Novice: 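Quick one: the structure is below, questions incoming.
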Amino acid sequence: MIVVADAGPLIHLSLIRLLRVLPILYEQVLVPDLVFDEVVGEEDLLAGSAELRNADWIERVRHDSTAPLFQLLRAELDPGEAAAISVAVERQASLVLSDDRPARLAAEQLGLGIKGTLGILVEAKRRGEIREVAPLITQLKSRGVWLSDRLIERILTESGEDDLESPPT
């Protein structure tokens, strides 16, 4: 399965030291040049910078900033999100990995599958790569990642952990 990653899931998975699950879950992980540059930057200041810079399992791809789809998406989305969706359409990817709501809606309107950080964690649990999702949600929240109570409830239900005590909000 080919996926195209936006910055959010790369950064968030790095915060909880689980960036490593992406090449396990997905056959090919494409990262558009704009997204790579956004995460890696010049000084490794963001979570995931060093991990992404050293990851031999990603395929860094160029986006076409003159492509009509990129230009159209760019009117509503940040450059990295527009590049991720544009590359996903161009490469006929199965999924776009993004946590950004407008990007998710745009991808869905184009018929692309979409999965965010928490969806990736649910999939990792289903495949036996992690034991529980709830503690990871707690870690994400403690590191400043905003997650709605409704989303947390839905994810805990999907992961079969809805009978456990919910992580603090």
Side-chain angles (χ1 to χ4, degrees), residues 1-26 28-41 45-49 51-52 55 57-58 60-61 63 70 73-74 76-89 93-127 129-130 132-159 161 166-169:
M1 172 182 291
I2 299 172
V3 300
V4 180
D6 185 20
L10 298 173
I11 293 167
H12 297 150
L13 290 171
S14 293
L15 285 171
I16 55 175
R17 300 184 185 270
L18 280 175
L19 193 61
R20 64 172 176 77
V21 302
L22 292 179
I24 295 168
L25 300 177
Y26 308 113
Q28 191 174 13
V29 180
L30 307 179
V31 177
D33 50 358
L34 284 175
V35 172
F36 185 90
D37 293 344
E38 180 182 341
V39 175
V40 171
L45 296 177
L46 288 176
S49 331
E51 295 92 334
L52 192 60
W57 47 265
I58 66 150
R60 187 174 175 187
V61 296
H63 78 288
F70 176 80
L73 292 166
R74 188 60 192 98
E76 298 293 323
L77 305 174
D78 288 339
E81 295 154 357
I85 294 168
S86 183
V87 166
V89 169
S94 302
L95 280 175
V96 173
L97 305 178
S98 180
D99 291 326
D100 182 78
R101 183 160 173 70
R104 292 169 66 90
L105 293 172
E108 287 173 351
Q109 288 175 342
L110 291 167
L112 295 168
I114 189 81
K115 193 167 285 206
T117 301
L118 298 186
I120 294 166
L121 295 178
V122 170
E123 186 172 346
K125 181 180 177 181
R126 285 185 184 145
R127 295 208 199 168
E129 297 300 325
I130 60 173
E132 291 180 303
V133 173
L136 300 171
I137 290 173
T138 301
Q139 286 180 39
L140 285 167
K141 289 181 68 81
S142 74
R143 287 173 173 82
V145 177
W146 185 86
L147 302 165
S148 74
D149 291 340
R150 197 168 104 196
L151 175 61
I152 292 171
E153 287 174 24
R154 191 185 90 214
I155 292 300
L156 292 177
T157 298
E158 284 181 31
S159 65
E161 298 177 38
S166 294
T169 56

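Only a predicted model underlies this, so the values are computations on that prediction, with no experimental measurement involved.
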Novice: Are any of the side-chain heavy atoms of Phe70 and Val89 separated by less than 4.5 Å?
Specialist: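 No. Closest side-chain heavy atoms not under 4.5 Å.
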Novice: Could you tell me the separation between the CZ atom of Arg143 and the OG atom of Ser14, rounded to the nearest 0.5 Å?
Specialist: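 Nearest 0.5 Å value for the CZ-OG distance: 11.5 Å.
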Novice: Hey, does His12 have a side-chain heavy atom less than 4.5 Å from the side chain of Asp99?
Specialist: yes
Novice: Over all heavy atoms of both residues, which pair between Gly80 and Val35 is shortest? Give the atoms and the distance, please.
Specialist: O-CG2, 3.4 Å
Novice: So do the side chains of Leu10 and Leu22 get within less than 4.5 Å of each other, counting heavy atoms only?
Specialist: yes
Novice: Got a second to check how far Ile130's CD1 is from Ile16's CD1, nearest 0.5 Å?
Specialist: 7.0 Å
Novice: Compare all side-chain heavy atoms of Gln28 with those of Val3 and state whether any distance is below 4.5 angstrom.
Specialist: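 A side-chain contact is absent here, since even the closest heavy-atom pair is not under 4.5 Å.
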Novice: In terms of side-chain geometry, is the basic nitrogen of Arg60 or Asp37 positioned less than 4.0 Å from the acidic oxygen of its partner?
Specialist: yes
Novice: How long is the straight-line distance from CG of Leu112 back to OG of Ser94, given to the nearest 0.5 Å?
Specialist: 9.5 Å
Novice: Using modelled atom types and a 3.5 Å cut-off, is there a donor and acceptor pairing between side-chain atoms of Ser86 and backbone atoms of Ala83?
Specialist: no
Novice: Mind listing the closest non-hydrogen atom pair of Ala7 and Glu38 along with its distance?
Specialist: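 Result for this residue pair: CB-OE2, 3.5 Å.
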Novice: Just jot down the side-chain hydrogen bond (donor to acceptor under 3.5 Å, both in side chains) partners of Arg17, sequence neighbours excluded, or say none.
Specialist: none
Novice: For the backbone of Ser98 and the side chain of Arg104, can you confirm whether one donor and one acceptor N or O come within less than 3.5 Å of each other?
Specialist: yes
Novice: What are the two closest heavy atoms between Ala5 and Val29, and how far apart are they?
Specialist: CB-CG1, 4.5 Å
Novice: May I ask you to decide if Asp78's main-chain N or O and Glu81's side chain share a donor-acceptor pair within less than 3.5 Å?
Specialist: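 Judged by distance alone, yes, a pair lies under 3.5 Å.
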Novice: Do the side chains of Ile155 and Val133 get nearer than 4.5 Å, heavy atoms only?
Specialist: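 When only atoms from C-beta onward are counted, Ile155 and Val133 do touch, with a gap below 4.5 Å.
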Novice: Output yes when a side-chain donor or acceptor of Arg74 lies under 3.5 Å from a complementary backbone atom of Leu77, and no otherwise.
Specialist: yes
Novice: What pairs meet the salt bridge (charged side-chain N to carboxylate O under 4.0 Å, His left out) rule with one or both residues in residues 114-125, with sequence neighbours excluded?
Specialist: Lys115-Glu123, Glu123-Arg127, Lys125-Glu161
Novice: So, for Ala88 and Val4, which heavy atoms are closest and what is the spacing to 0.1 Å?
Specialist: CA-CG2, 3.7 Å
Novice: What are the two closest heavy atoms between Ile85 and Ala106, and how far apart are they?
Specialist: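 Ile85 and Ala106 have their closest heavy atoms at CD1-CB, 4.0 Å.
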Novice: Going by heavy atoms in the side chains, are Val61 and Val31 under 4.5 Å from each other?
Specialist: no
Novice: So Leu19 and Trp57, do their side chains get closer than 4.5 Å, heavy atoms only?
Specialist: yes
Novice: So among Leu140, Leu18, Leu97, Leu136, which one has a side chain to side chain contact (heavy atoms under 4.5 Å, CB included) with Leu13?
Specialist: Leu18
Novice: Only counting residues at least two apart or in another chain, list the ones meeting side-chain contact (heavy atoms from CB on, under 4.5 Å) with Ile24.
Specialist: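 With neighbours one apart ignored, the set is Arg20, Glu129.
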Novice: Quick check: are there more than 12 heavy atoms from other residues, nucleotides or ligands sitting under 6.0 Å from CD of Glu76?
Specialist: no
Novice: For residues Val145 and Leu15, determine if any side-chain heavy atom of one lies less than 4.5 Å from a side-chain heavy atom of the other.
Specialist: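 Answer yes - side chains close enough.
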Novice: Shortest non-hydrogen contact from Ala134 to Leu156?
Specialist: CB-CD2, 3.7 Å
